Protein chains: 2
Amino acid sequence: MNTSNLCLGALFMGDASGYEIKHRFETTFSHFQQASFGAIYPALDKLEREGLVSCRIEAQEKRPDKKVFSLTDTGRQHFIDALQTTEPKESCRSDFILLMFYAEFLQPDKLQEVLEKQEAKLQQTIETLTSIRSTRTQSPGALFTLDLGITVQTAALEFLQQRKSDFSDTDQ
Amino acid sequence: MNTSNLCLGALFMGDASGYEIKHRFETTFSHFQQASFGAIYPALDKLEREGLVSCRIEAQEKRPDKKVFSLTDTGRQHFIDALQTTEPKESCRSDFILLMFYAEFLQPDKLQEVLEKQEAKLQQTIETLTSIRSTRTQSPGALFTLDLGITVQTAALEFLQQRKSDFSDTDQ
DNA sequence: ACCTACATGTAACCCGTTACATGATTTG
DNA sequence: CAAATCATGTAACGGGTTACATGTAGGT
């Protein structure tokens, strides 16, 4: 699924500006989709031209004006239709796993740094997901994905903590 | 890390043709990196021009000729250097999780199909990783990544099996 | 007869990231 | 005083996928 449709999906959680949509990508969607401003803003332009979203400008005090987007009925239907024909494809690119694959060729201090960074990142993600889970009332689907994320990342974290000693300095 | 460097990495497991390198991406690397022929063949060309790999042509009976690539010393060193400066970035794009996020908008039969496909895919991946783990003698790094893959995918599979009933027809 | 595996390659196309430009306000 | 947050946007560039082109051999 491309950025345009993903933006429609993000708007199901309520009207939002491009900036706020980016935030949704970084929180709720963070463990399974990502998009940058350079993809989001042009996508929203296109969606507006196609009539799938509408836009109003909101003035704010001490903050720049916002362009707040809403789903139109066509937009809502378009997204739901897109879901039905979306294949459940997945692709993961992990340079962390790659580095671990070639651990024997990494300088010991680099290896330790990589392991620590990954541990911190996993803890951070689990924290974020846990806090999102508790703050807002979530749909069954959202709960499923949050719990799946927490489960999987926790399994990875525990694995890492158990196995990291395999790579401690004591040179074989 | 880009396809070129990944090809160098693949050649650490032994000399191989482009076709065989693709196979390594689909087995050993499958859970953390992927590349298509359209990326691999041009990458190997470039690596040869740069002197990072060498190439010999092997004639085969009842099979087309092969261009078998080997790492040169420079190539080996180039990859090891690249590892030291590679940041452990990760990006996952899962349309499966996306579909589950919006489960409430999916037609019930589509939802069931998606769940079944994902379960089958996870089982398949676990099987592949387990079989790779047992067949060849693996480096500590390779073992780590295989076990990590098995652990994480198993956690996901068990989660899915426990929770899939939440989405069974009994309409709320 | 058709599909899969083996084997290599090219070109069009898509899509997205990175970096830049701009600017106010708040926080450390 | 610098950095982060809020806010929108553009353009260059990179990178990879998909699809096509070609051909043999073996299995169902």
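Order of the sequence lines sets the chain letters (A, B, ...), proteins ahead of strands, with each chain counted from 1. Here the structure is a predicted model, which means the values were calculated and not measured.
Note: A:F25 and A:F29 have perpendicular aromatic rings, judged against thresholds of 30 and 60 degrees for the angle between ring planes. The aromatic rings of A:F144 and B:F167 sit perpendicular to each other, their planes meeting at more than 60°, with 30° as the lower class boundary. In this pair, A:F32 and B:F101 present their aromatic rings tilted. The plane angle is within the 30 to 60° band.
Counting to the nearest Å, the C1' atom of C:dG16 and the NZ atom of A:K22 are 13 Å from each other. Regarding B:F37, its CZ atom lies at a distance of 18 Å from the P atom of C:dA11, rounded to whole Å. In this structure, NZ of B:K89 is placed 18 Å from P of C:dG16, rounded to the nearest angstrom. Taking atom CG of residue A:D65 and atom P of nucleotide C:dG23, one finds them 15 Å apart after rounding to whole Å.
Across all strands shown, A:G18 has heavy atoms under 4.0 Å from sugar-phosphate atoms exclusively, and none from any base. Residue-level contact check: A:Q34 touches the backbone only, with heavy atoms under 4.0 Å from sugar-phosphate atoms and none from bases.
Judged by the 6.0 Å and 45° rule, A:K89 forms no cation-pi pair with B:F96.
Between A:T3 and B:Y41, the residue anchored closer to the 5' end of DNA chain C is B:Y41, taking for each the nucleotide with the nearest heavy atom. Residues A:Q60 and A:D45 both approach DNA chain D. Their nearest nucleotides, taken by heavy-atom distance, put A:Q60 toward the 5′ side. When each of A:P42 and A:R63 is assigned the nucleotide of DNA chain D bearing its nearest heavy atom, the one mapping closer to the 5' terminus is A:R63.
Along DNA chain D, the stretch of nucleotides lying under 4.0 Å from any heavy atom of chain B spans, 5' to 3', D:dG16 to D:dG26.
Across every non-hydrogen atom of A:T145 and A:H31, the tightest pair is O-NE2, 3.1 Å.
Between A:E20 and A:K22 no salt bridge is recorded (no basic side-chain N to carboxylate O distance below 4.0 Å).
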